[in-house]
4 protein chains.
Amino acid sequence: MRTKNKTEGQATTSFIEQARRAQIIACVIDTIAELGYEQASLAQVGQRAKISKGVITYHFASKEVLMQAVVDEVFGQFAAFVTARVPDDQPWDMLRAFLQANADFLKTHRKQLLALFAISRNAHDLTLQGYSPELDIERIAALLTEGQRQGTFRDFDARIMATSILALRDSLIAQSAKQADLDIDHYIHEIISLIDHAIRQSS
Amino acid sequence: MRTKNKTEGQATTSFIEQARRAQIIACVIDTIAELGYEQASLAQVGQRAKISKGVITYHFASKEVLMQAVVDEVFGQFAAFVTARVPDDQPWDMLRAFLQANADFLKTHRKQLLALFAISRNAHDLTLQGYSPELDIERIAALLTEGQRQGTFRDFDARIMATSILALRDSLIAQSAKQADLDIDHYIHEIISLIDHAIRQSS
Amino acid sequence: MRTKNKTEGQATTSFIEQARRAQIIACVIDTIAELGYEQASLAQVGQRAKISKGVITYHFASKEVLMQAVVDEVFGQFAAFVTARVPDDQPWDMLRAFLQANADFLKTHRKQLLALFAISRNAHDLTLQGYSPELDIERIAALLTEGQRQGTFRDFDARIMATSILALRDSLIAQSAKQADLDIDHYIHEIISLIDHAIRQSS
Amino acid sequence: MRTKNKTEGQATTSFIEQARRAQIIACVIDTIAELGYEQASLAQVGQRAKISKGVITYHFASKEVLMQAVVDEVFGQFAAFVTARVPDDQPWDMLRAFLQANADFLKTHRKQLLALFAISRNAHDLTLQGYSPELDIERIAALLTEGQRQGTFRDFDARIMATSILALRDSLIAQSAKQADLDIDHYIHEIISLIDHAIRQSS
DNA sequence: GATGAATGAGATTTCATTCAT
DNA sequence: TATGAATGAAATCTCATTCAT
């Protein structure tokens with residue numbers, strides 16, 4: 001089986017292999033977006049991909065490995081996109097850029113984010129290497145602490161505030177899941193304003 | 001079968017019946033808290049209650065009915081507790097009391113709230129009579145609008161703010177799920193402060 | 001348990017006992033007529049009788065025994081009714097009277113006959129003491145043979161003809177099951193005419 | 001899953017697939033013939049086929065689909081056989097040929113017919129596409145009416161007579177079920193004679 | 001006599017996974 | 001590489017039956 005040999009250091013991943021993996025991952029995303037995590041069985045995924053269930057098991061050692069691959073793929077894109085949009089700037093500008101980048105990614109990658117969140121919610125035991133909300137929290141908290149040091153932000157518990165900011169970001173994604181035609185720009189504008197008022201040092 | 005006769009309006013539910021139902025509901029809560037919603041099969045619940053699977057089916061016509069009963073039970077307690085703690089007062093005082101009441105309930109009913117949220121997340125098709133996040137959103141939004149009318153709160157989209165406030169409340173519960181020894185009082189104090197700054201009219 | 005003691009020769013079957021048994025048997029008949037044999041579970045029967053399942057098991061040692069009791073009851077009435085209507089007369093007159101009596105009983109005991117046939121079709125292993133199509137076949141065959149001896153009936157295989165006559169009787173009952181407003185008198189008239197032509201010696 | 005892809009119009013059903021389906025259908029027929037419809041569980045069928053229950057579900061989406069497949073298979077053969085034996089001739093010749101063809105098929109396909117009748121009796125909710133006793137009744141009734149028009153047959157209710165003829169055919173099958181060594185040729189000869197006398201215009 | 005409660009076997013179905021080709 | 005085929009565990013639900021009160 002391919003996925004087992006890979007660990008033996010065979011560097012050359014064939015083109016077909018990569019294409020199949022990408023196709024399967026895309027179908028997992030579609031299936032979760034349409035049916036939800038619980039209904040996303042390998043049979044359903046295979047049906048959408050018009051391939052047999054066996055192919056999936058061939059390319060991914062187990063369902064857990066497959067879900068991990070989806071998380072890696074989506075979170076990789078997500079993180080790269082957001083990182084590219086956050087300049088090395090003043091804390092508040094970086095934070096605002098971070099939030100706006102999240103919203104912009106959501107506009108073009110709604111299905112992917114829904115899948116990412118669905119998997120991370122349901123697959124408790126999944127190690128979910130790479131995708132760790134914890135990391136985000138620490139980065140945001142560092143920004144907040146820096147802003148406090150500069151006197152731009154008021155006094156608060158930076159970790160809780162970071163967690164809260166991410167919770168608000170998540171709630172935007174959750175709302176988008178429920179309501180396909182949500183006005184994302186308006187929503188993120190309100191959230192940025194909310195956070196702005198919540199953290200800035202009142203003069 | 002008990003659950004079928006009940007619809008005939010037999011008001012007297014026997015003591016044993018009530019005890020068993022309560023026991024089973026408690027075991028569902030424990031099981032979800034320990035294993036998550038997906039792993040909470042009737043077999044697992046029965047094992048925890050040290051009863052056979054059949055007993056559960058005897059007292060609850062189906063798994064859906066059982067989950068609804070758990071929701072009814074927990075949400076009933078939750079709503080009653082919170083309602084009792086929210087005085088008919090100024091918008092901000094009511095909002096603060098609402099948030100504090102949520103935190104206080106969480107302190108004594110952590111498992112119950114985890115189960116409530118897990119069920120409402122996963123059981124899409126469940127009608128979930130009674131428990132509707134939408135209702136909460138509308139009540140909070142009404143409070144916010146009233147505060148804006150009085151000039152106490154600044155200008156913002158009341159529905160988005162309400163959704164955000166509940167998202168922050170939910171994030172406290174989610175954090176509590178991850179970290180059993182979370183300092184809830186500190187957390188809710190920070191969230192209340194966050195919201196206070198986010199909505200009040202700056203003089 | 002009552003039903004076990006009965007074999008010990010306790011002649012006095014209490015009034016309550018008899019009433020309960022009759023009530024339960026009536027409910028079995030109703031349930032089979034409404035839902036069919038397969039759906040006629042003890043729970044369904046109990047629900048119709050507004051008694052608990054336990055009562056049924058109390059009065060009838062097993063489901064098989066219960067079904068036997070229904071068969072005994074219905075077939076007893078059926079046989080008594082038909083026997084009373086068949087005079088000791090010429091073969092053809094007796095045969096015609098037999099068929100008409102069957103139709104007359106069907107008119108007033110449709111549900112009972114449906115239940116009787118449903119049980120005898122489905123309960124293969126049931127011994128069905130008392131109710132034996134075989135007996136009917138022999139009686140009819142004897143009539144036919146007598147008619148042949150007298151020269152009234154033509155030459156045919158009396159057993160097959162008897163079986164066929166009963167099959168036609170049964171098909172009337174089956175039609176009545178499918179079509180509640182069947183014109184039974186017209187139907188039996190046609191069948192009697194059919195049989196008349198089929199068996200009589202053409203002059 | 002095979003049975004789901006089939007709807008996509010994949011005309012090529014693999015050899016193994018066909019063989020398995022045929023094997024399973026044959027085992028259903030055997031099981032019903034031996035144990036009756038009610039006892040014919042998937043477990044019993046699988047046991048006879050020496051395959052696991054899962055294999056059945058793999059090839060047939062549900063038990064209902066499986067039973068429909070059995071009906072299609074058996075009724076298809078049955079209808080084709082009978083149709084081929086009924087020439088376009090005078091009503092009485094056609095009717096006689098129809099009855100004889102039924103008997104001939106029964107001689108070589110006893111188990112199959114028992115299964116067909118058992119399924120159609122018990123599976124009420126099954127749509128049972130294709131196999132409709134009603135259709136047979138209408139065809140026979142049309143023959144009878146034509147014979148009446150020609151003056152070959154006497155005056156009678158054609159629908160009731162058609163129903164009766166089919167009831168006699170069914171009673172032959174039922175007798176064959178009870179008595180494995182039944183002399184089918186003798187039986188059908190008697191039934192044909194019976195019907196002949198019952199319907200022909202006496203000169 | 002009566003009943004609520006409990007049980008456990010068995011039915012259908014879904015699904016991740018394995019395997020031979 | 002790919003796939004159809006098979007498997008078996010587990011899940012929900014039904015039901016006849018047993019039992020303590």
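Heavy atoms only: backbone and side chains are in, while hydrogens, waters and symmetry mates are out. Per chain, numbering begins at 1; letters A, B, ... match sequence-line order.
- Side-chain contact between B:Val28 and B:Leu66: present, with at least one pair of heavy atoms (C-beta onward) separated by less than 4.5 Å.
- Residue-to-nucleotide proximity on DNA chain E shows that, of B:Phe15 and D:Gln44, the 5′-proximal contact is made by B:Phe15.
- Taking the side chain as every heavy atom from C-beta outward, A:Lys53 and A:Thr57 never approach each other to under 4.5 Å.
- The CZ atom of A:Arg21 sits 12 Å away from the P atom of F:dA2 (whole-angstrom rounding).
- A stem is defined here as three or more consecutive Watson-Crick or G-U pairs, each with both distances under 3.5 Å; for DNA chain F these stems are E:2-21 with F:2-21.
- Rounded to a whole Å, the CG atom of A:Leu66 is 15 Å from the P atom of E:dC15.
- What separates CZ of A:Phe60 from P of E:dT18 is a distance of 16 Å, to the nearest Å.
- Between B:Glu64 atom CD and F:dA11 atom P there is a gap of 18 Å when expressed in whole angstrom units.
- Straight-line distance from the CG atom of C:Leu35 to the C1' atom of F:dT14: 15 Å, rounded to whole Å.
- The side-chain hydrogen bond (donor to acceptor under 3.5 Å, both in side chains) check on A:Arg20 picks up A:Gln23, with sequence neighbours excluded.
- For E:dA11, one of the phosphate oxygens OP1 or OP2 lies less than 4.0 angstrom from a side-chain nitrogen or oxygen of D:Ser41.
- A donor and an acceptor atom, one from each side chain of B:Glu73 and B:Gln77, are located under 3.5 Å apart.
- When the side-chain hydrogen bond (donor to acceptor under 3.5 Å, both in side chains) test is applied to A:Glu38, no partner is found at least two apart in sequence or on another chain.
- Here CG of D:Leu113 is found 10.5 Å from CZ of D:Phe75. Values are rounded to the nearest 0.5 Å.
- Atom NZ in A:Lys63 sits about 16 Å away from atom P in F:dA10, given to the nearest Å.
- In this structure, A:Gln39 atom CD and E:dT13 atom C1' are separated by 13 Å, rounded to whole Å.
- Contact annotation: C:Ser62 does not reach the phosphate of F:dA16 (side-chain N/O to OP1 or OP2, under 4.0 Å).
- For B:Val71 against B:Leu116, the heavy-atom pair with the smallest separation is CG1-CD1, 4.0 Å.
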Table of protein N/O atoms under 3.5 Å from nucleotides 6-9 of chain F N/O atoms:
{"from": "F:dA6", "atom 1": "OP1", "to": "D:Arg20", "atom 2": "NE", "distance (Å)": "2.5"}
{"from": "F:dA6", "atom 1": "OP1", "to": "D:Arg20", "atom 2": "NH2", "distance (Å)": "3.0"}
{"from": "F:dA6", "atom 1": "OP2", "to": "D:Arg20", "atom 2": "NE", "distance (Å)": "3.4"}
{"from": "F:dA6", "atom 1": "OP2", "to": "D:His59", "atom 2": "NE2", "distance (Å)": "2.5"}
{"from": "F:dT7", "atom 1": "OP2", "to": "D:Ser52", "atom 2": "N", "distance (Å)": "3.4"}

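- A search for side-chain hydrogen bond (donor to acceptor under 3.5 Å, both in side chains) contacts involving B:Gln39 returns nothing, not counting sequence neighbours.
- Between B:Gln23 atom CD and E:dA5 atom P there is a gap of 13 Å when expressed in whole angstrom units.
- Remark: B:Thr57 is not in phosphate contact with F:dT14, judged by side-chain N or O atoms under 4.0 Å from OP1 or OP2.
- Residues passing the side-chain hydrogen bond (donor to acceptor under 3.5 Å, both in side chains) test with A:Gln18, sequence neighbours excluded: none.
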